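Everything quoted here is computed from the prediction, not taken from an experiment.
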Amino acid sequence: MNNILIWLRNDLRLHDHEPIFRAFQKTENVFLCYCIDEQLFEEISFGQKETGFKKMGEFRTQFLLESLLNLRQNLQKLGGNLIIRVGNPAEIISQIAQKLECKAVYAHQEITYEETQMEEKVEKNLWQHNISFHTFWGNTLYHIDDLPFPMRALPDVFTQFRKNIENYVKIRPTFPTPTKFPLAEIEEGILPTLEELGFEKENIKKISKKSVLAFEGGETAGKKRLEEYFWEKDLLKIYKETRNGLLGADYSSKFSVWLALGCISPRYIYEEVLRYEKQRTKNESTYWLIFELIWRDYFKFVAKKYGNSIFKTKGIKNTSNLSLKKDFVLFEKWKNGNTGVDFVDANMRELAETGFMSNRGRQNVASFLVKDLFVHWVWGAMYFESQLLDYDACSNWGNWTYIAGVGNDPRENRYFSIPKQASMYDPKGEYVRFWING
Ligand SMILES: Cc1cc2nc3c(=O)[nH]c(=O)nc-3n(C[C@H](O)[C@H](O)[C@H](O)COP(=O)(O)OP(=O)(O)OC[C@H]3O[C@@H](n4cnc5c(N)ncnc54)[C@H](O)[C@@H]3O)c2cc1C
């Protein structure tokens, strides 16, 4: 049989999906599956200390479940289905591929350690059954094969990287979305509940109504957010002026939440920006959204270049002039928004109650943890990993290393003065009031 299985991970969409597109070039029998990795729900500990949070917290998990449900529904409309399993992908993907008599498994290539380790295990199991494994690069704006330098020569300063690629590289067009899928003769698999994934019923929190958006997982909701932000509210043309805001849905795109699970592709966003520039306005703001997506690309390529060091205390610089403490009491105060510094506390409470925080907020709270409290930055990054709806390994750890002075920041000892930042970005104290007294 010529059947092909698509193993989905952070690419929960049908549009601009190279593995799906390439599979259909080979056969009509293309089946899609997702395996929820149980390891993600293990409790995190800092050495001996239990933290009380999981690697993947409940808000992120809920968003993942919604995204899977949406993908299943979209596939069903096209005649297919999404096969869902819970367990260890290393074993399960090979079992499904065998059952469906697949000749090959296609997937998007991942970058960071745990994901690539899993790829290797899956591949090994597949080869034992004579099933081949192919990966495709596909979650960045610029394709890795188009970079005008080998990965080891990736510039360590963002501006040099950006200028190089903007001058020499063209962004590839999106892949078309298939219109028909076959139905696999296999159990579809039930989408688990949070409780079935190990969250205790009485402790399950819902995202607060005060959230900047009622975030809903899935490709449909991701595209709807773009429709709203670009076309209905016409906000793209003022993005550069509003992007440092703190309150409400409109100051920035919030695309990160859908980008993280690949519900929306960056190249799709890019093509919509071009269409907007043609049909509405082209200005600094329309460019600036692309500029920010290039930052996202950059952190992915930095992770590719430096491998595991983005997760290490000394970062990609392999040196640090900060002496940081593993002070759990201070960490807890920071995490729970009880430091006594209102601007920091307001942001941390927003994160705890909604799973989101603005970029300005993230920079401030991260800097405060490291450069005012002198607490181990890796703990902060681990908490963000658990809590952020838009958690992306490369963007999260890349930004944390940057702020902790062990990443790509060309400026030595960058320091955010919190009172100054608060008076600039929250001059009337509205944001602080919203989260502290509201
Ligand atoms: C300590 C820290 C941790 C972070 N962790 C994450 C993370 O886990 N996941 C994540 O997607 N972003 C992370 N960011 C980057 C940034 O804060 C978010 O991407 C942004 O706030 C998301 O909101 P938005 O989609 O409305 O952004 P917009 O301002 O609308 O920007 C558009 C898109 O550009 C990209 N982008 C913007 N700023 C950055 C940046 N600094 N780095 C990488 N990409 C960027 C995002 O994909 C974003 O969706 C982190 C930043 C800091 C300082």
Side-chain angles (χ1 to χ4, degrees), residues 10 37-64 110-118 197-199 203 205 256-257 260-261 299 302-303 306-316 320 322-339 344 347-357 359 361-407:
N10 294 315
D37 188 346
E38 283 170 327
Q39 283 185 41
L40 293 174
F41 309 107
E42 281 168 11
E43 297 273 337
I44 296 288
S45 55
F46 295 158
Q48 310 281 22
K49 193 92 202 156
E50 293 295 327
T51 62
F53 57 85
K54 296 178 193 288
K55 192 167 165 64
M56 186 162 177
E58 62 207 302
F59 295 162
R60 267 182 75 201
T61 308
Q62 180 59 32
F63 193 82
L64 168 68
E110 285 286 343
I111 301 167
T112 40
Y113 182 74
E114 287 166 8
E115 290 76 9
T116 50
Q117 285 287 102
M118 185 56 81
L197 294 173
F199 292 90
N203 295 334
K205 266 195 342 192
S256 58
V257 174
L261 283 182
F299 283 122
V302 167
Y306 286 100
N308 243 354
S309 44
I310 61 164
F311 303 110
K312 302 266 167 72
T313 310
K314 291 182 178 174
I316 66 170
S320 172
L322 287 173
S323 117
L324 300 176
K325 315 172 271 214
K326 294 191 171 171
D327 185 329
F328 194 68
V329 175
L330 272 183
F331 170 79
E332 282 278 287
K333 283 191 176 159
W334 174 82
K335 171 178 160 275
N336 298 329
N338 288 327
T339 66
V344 171
N347 275 288
M348 292 308 291
R349 290 182 195 186
E350 180 182 7
L351 178 61
E353 290 183 37
T354 72
F356 193 82
M357 190 196 291
N359 185 53
R362 295 181 202 198
Q363 289 175 326
N364 275 278
V365 300
S367 168
F368 185 77
L369 182 76
V370 180
K371 297 192 173 162
D372 290 299
L373 298 180
F374 300 101
V375 170
H376 199 32
W377 70 265
V378 169
W379 287 4
M382 285 166 94
Y383 175 61
F384 269 36
E385 171 165 350
S386 174
Q387 194 65 18
L388 274 178
L389 280 174
D390 65 17
Y391 171 70
D392 169 291
C394 306
S395 287
N396 187 56
W397 292 85
N399 272 290
W400 270 98
T401 53
Y402 191 96
I403 301 239
V406 294

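Contact annotation: the side chain of Ile316 approaches that of Val302 to within less than 4.5 Å [non-hydrogen atoms, C-beta and beyond]. Two residues are said to be in side-chain contact when any heavy atoms from C-beta on lie closer than 4.5 Å; Tyr383 and Met348 meet this criterion. Between Thr112 and Ile310, some side-chain heavy-atom pair lies under the 4.5 Å cut-off. By the 4.5 Å heavy-atom criterion applied to side chains, Thr313 and Val406 are not counted as neighbours.
Going from atom CD of Glu115 over to atom CD of Gln117 covers 10.0 Å, rounded to the nearest 0.5 Å. The structure places OG of Ser395 at 14.5 Å from CH2 of Trp400, a figure rounded to the nearest 0.5 Å. Atoms CG and CG, from Leu369 and Asn364 in turn, are 12.5 Å apart once rounded to the nearest 0.5 Å. Note that CZ of Phe59 and OG of Ser386 are 10.0 Å apart. Values are rounded to the nearest 0.5 Å. Summarising the geometry, atom CG belonging to Leu351 is positioned 9.0 Å from atom CG belonging to Asn347; distances are rounded to the nearest 0.5 Å. Interatomic distance, OG1 of Thr61 versus CG of Leu40, reported as 8.0 Å (0.5 Å rounding).
A parallel orientation is assigned to the rings of Phe384 and Trp334, their planes being inclined by less than 30° (bins at 30° and 60°).
In this structure Tyr306 satisfies the ring pair (Phe, Tyr, Trp, His ring centres under 6.0 Å) test with no other residue, sequence neighbours excluded. Remark: Glu114 engages Lys55 in a salt bridge (charged side-chain N to carboxylate O under 4.0 Å, His left out) (not counting sequence neighbours). Taking the ring pair (Phe, Tyr, Trp, His ring centres under 6.0 Å) definition, one finds that Tyr391 meets it with nothing, sequence neighbours left out. Trp397 is linked by a ring pair (Phe, Tyr, Trp, His ring centres under 6.0 Å) to Phe311, Trp377, counting only residues two or more places apart in sequence or in another chain. Glu353 pairs by the side-chain contact (heavy atoms from CB on, under 4.5 Å) definition with Ser208, Arg349, Trp435, not counting sequence neighbours. Take Glu43 and apply the side-chain contact (heavy atoms from CB on, under 4.5 Å) test, not counting sequence neighbours, and it matches Glu50, Lys54. Partners of Glu332 by salt bridge (charged side-chain N to carboxylate O under 4.0 Å, His left out), not counting sequence neighbours, listed by chain and number: Lys335. Residues meeting the side-chain contact (heavy atoms from CB on, under 4.5 Å) test with Gln48, sequence neighbours left out: none. Thr354 is linked by a side chain to side chain donor-acceptor pair (under 3.5 Å) to nothing, counting only residues two or more places apart in sequence or in another chain. For Lys325, the side-chain contact (heavy atoms from CB on, under 4.5 Å) partners are Asp327, Leu330, Phe374, not counting sequence neighbours. With sequence neighbours left out, the ring pair (Phe, Tyr, Trp, His ring centres under 6.0 Å) criterion links Phe46 to Phe331, Trp379. Residues satisfying the salt bridge (charged side-chain N to carboxylate O under 4.0 Å, His left out) criterion with Asp390, sequence neighbours excluded, are Arg362.
Side chain to side chain, Glu110 and Asn10 meet the donor-acceptor criterion of an N or O pair below 3.5 Å.
Open room surrounds NZ on Lys333; 12 or fewer heavy atoms of other groups in view lie less than 6.0 Å from it.
A donor-acceptor pair under 3.5 Å links the side-chain atoms of Gln387 to the main chain of Ala352, judged by distance alone.
Across all non-hydrogen atoms, the minimal contact from Leu64 to Met56 is CD2-CE, 3.6 Å. Residue Cys394 comes nearest to Ile111 through the heavy atom pair SG-CD1, 4.2 Å, listed as atom of the first residue, atom of the second, then distance. Smallest separation of non-hydrogen atoms from Leu388 and Asn396: CD1-OD1, 4.0 Å.
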